[in-house]
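Quick note on labels: first sequence line is chain A, next is B, and so on, each numbered from 1.
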Protein chains: 2
Amino acid sequence: MKSPVTIKDIAKLANVAQSTVSKALNNRPGISARTRQHIISIAKAHNFVPDAAGKALKNRFTNNIGVVFCREDYPLRNPFFSRILEGIESEIAFNHYNLVLQLIPNHEETTIPKMIRERQVDGIVLIGVRNKAFIEQLQQAGTPFILIDPRDYFPDCPQVVIDNENGTFLATDYLIRNGHRKVGFIGGDLAVPSFAERLNGYKKALAFHNIPYSRRLVKTGGFEEGYTQTQQLLKLSKRPSAIVAAYDISALHAYRAINDAGMRIPEDISVVGFDDIDLAKMAIPALTTVRVYKEQMGSVAVRQLRTLIHTETPVSFTPIIPVKLVERDSVKKSED
Amino acid sequence: MKSPVTIKDIAKLANVAQSTVSKALNNRPGISARTRQHIISIAKAHNFVPDAAGKALKNRFTNNIGVVFCREDYPLRNPFFSRILEGIESEIAFNHYNLVLQLIPNHEETTIPKMIRERQVDGIVLIGVRNKAFIEQLQQAGTPFILIDPRDYFPDCPQVVIDNENGTFLATDYLIRNGHRKVGFIGGDLAVPSFAERLNGYKKALAFHNIPYSRRLVKTGGFEEGYTQTQQLLKLSKRPSAIVAAYDISALHAYRAINDAGMRIPEDISVVGFDDIDLAKMAIPALTTVRVYKEQMGSVAVRQLRTLIHTETPVSFTPIIPVKLVERDSVKKSED
DNA sequence: CGTATTTTGGAAAACGTTTTCCAAAATTTC
DNA sequence: GAAATTTTGGAAAACGTTTTCCAAAATACG
């Protein structure tokens, strides 16, 4: 590592004081246009770039934003989280911040990451964190933070959420309008609030069309159990003609189960997913699903966080990211 | 943001000098075990954590490692890159470093990212960078760096590479051993060295089995053109009974083309991929492919980089990550 | 031309660490 | 018990910035 050129060097070269260089380079008033130009040109010529550590020490701002995922979610390989990260990244890059990525385990005893305790970041975005103790530590420490799609409710925390209920309402409504009266529902864990919301949307759509809700048509459990959940639905004496999956991943597991049972999509059974991950349109047949604007969630979160960082008394405001039904080929439509 | 507790506060509380606190906390000699313990317990009690900026300023080490991808590769949504990133992340976390993520455009005029010029990172890992000017700037600046799977050859740079040639050799050899004499090859851009290597492996396997190489069986071009490439192969008067795809993504596009042509895998035509991304085993039928140990590439790169950072005169050493053929269900086997 | 005002640039301190050097205290040696 | 040696802890400087405060220089005013 070559020894870098410092503000002191520039001052010497320009025959001025350090403070003058600083003023010139940071557009501070108090020096003439002439000297400012002079200094700027010398700094450029010598490739001067102010040192981040020096700046951070003085300014108390690092220009870094931390992005925290749960390790257990395998956020990097999970296409849903990846897209959120893309949104976060682009917004951070746009604002000339740095993105510090951190995966944390989800134990109750998890302590605040080093990067925060050491004041390496000005604020953090948390995705999928469901650890109450962790959040409380953060609040105590006074670190600005924002939650994306929190798995547990932290009602008094700044957060960005998905319009889950509306999404499954749209999906279920769409199926019913296309002649499906018996609609199954598969998905994850009822203890997860966002999943509970999705189930709710399904129920509301049934109610809206005066179709009685039947517990037997709903299969919950592990996030990845779509295969067995679907098998159970197919075994029912009066099996559903359509399935709403709370996650595209579940829907794709359903695809396999349906395929293995010798049935065809959508001729024998229709499927609608939720999330619109990349695989949805790659699947055969392409999956009709509820699109979640994942990139938007990420970028909105960063924008919110930036105001949190730079404002003294933050106003709590919870953006709800809308959803949209994307019609593809996995639903059999009624003729009329 | 609450004002944090500094080393000065601890010194005051413990009735010692700052320097003594520093020695105690950093296991430096020159103080008695008694005072060391005393100071440590006080520091603990007051949740003292040394400030990163202060440390960096003094030490000239940030404990940050930069990870640089090309924006055009969409590395976050690309499962291949994601897995590399997972490997990088786990190795970085293991060493208590921070990961600073940075996507750069791939123009020739791209300048060194701010995080490097400002000395925010101790070194960087570059993935898929094919920009000569960029690499040269880096060398000039003296930043420690390592390349992963470089798209162009930078022979004198530290790098981690895939055993591409061996991979396609194994794939092609496997097909031939299973009775396939007419084997097609699809993939990306010949200007990309790693792709050229993959093509080479295919040729070598043919030669090994005394099968003449035919240019007509090889379809190159865009990374994502697997669909049309496969269509072309299927249209040949004597169409191949098997296809080697240089990337799993290409293979999955081939799946669609084959499906759309009304043929079945592997009964009518066999397919082998390369990379072993997640979708490979999820595909129907599960894709036989060449596994690349992507996580290992990432972690090896970080390990190499760490020695580059902490050594004065680095020894250039190029780890070649091995590959392995993973048999699944997309190849029709000969009876014998 | 002398005074009042404004503009300009510099000296010094501060941010939170670590490290070097030195003096005082404690211990050993005779 | 004094001298020589070792151990212990403190004062100060340094890392690269920014900011505050002040004095000198330039300009305006009468």
- Message: Regarding Asp9(A), tell me which of base, sugar-phosphate or nothing describes its non-hydrogen contacts under 4.0 Å with the strands shown.
- Response: nothing

- Query: Roughly, in whole Å, what's the span from CG in Asn15(B) to P in dG9(D)?
  - Reply: 13 Å

- Rounded to whole angstroms, how far apart are CZ on Arg34(B) and P on dT7(D)? 19 Å

- Task: Please identify each residue that fulfils side-chain contact (heavy atoms from CB on, under 4.5 Å) with Gln102(A), with sequence neighbours left out.
- Result: Val68(A), Ile104(A), Pro113(A), Met115(A), Asn98(B)

- Residues which pass side-chain contact (heavy atoms from CB on, under 4.5 Å) with Glu86(B), listed by chain and number, not counting sequence neighbours: Tyr74(A), Leu76(A), Arg77(A), Arg83(B), Glu295(B)

- Query: How would nucleotides 15-28 of chain C be written as a contact map, 5' to 3', with B for base contact, S for sugar-phosphate-only contact and - for no contact, using protein heavy atoms under 4.0 Å?
  - Reply: BBBBB---------

- Task: Could you note down all residue pairs passing salt bridge (charged side-chain N to carboxylate O under 4.0 Å, His left out) where residues 37-56 of chain B supplies at least one of them, sequence neighbours left out?
- Result: Arg60(A)-Asp51(B), Arg119(A)-Asp51(B)

- Would you please name every residue forming a ring pair (Phe, Tyr, Trp, His ring centres under 6.0 Å) with Phe94(B), sequence neighbours left out? none

- Message: Taking side chain to side chain donor-acceptor pair (under 3.5 Å) as the cut-off, I'd like each qualifying pair that reaches into residues 124-142 of chain A, sequence neighbours left out, listed once.
- Response: Asp73(A)-Arg130(A)

- Keeping to residues at least two apart or across chains, list the side chain to side chain donor-acceptor pair (under 3.5 Å) pairs with something in residues 29-42 of chain B. Ser32(B)-Thr35(B)

- Message: Using the ring centroid of each side chain, check whether His310(A) and Phe61(A) are separated by less than 6.0 Å.
- Response: yes

- Angle between terminal axes - the helix from dC1(C)-dG30(D) to dC30(C)-dG1(D), 5 pairs each end, rounded to 10°: 40°

Acceptor/donor pairs from residues 6-16 of chain B side chains to any protein atom, 3.5 angstrom cut, sequence neighbours excluded:
from	atom 1	to	atom 2	distance (Å)
Thr6(B)	OG1	Lys8(B)	N	3.1
Thr6(B)	OG1	Asp9(B)	N	3.4
Asp9(B)	OD2	Thr6(B)	N	2.9

- Does dT7(D) have OP1 or OP2 sitting under 4.0 Å from an N or O in the side chain of Ser32(B)? no

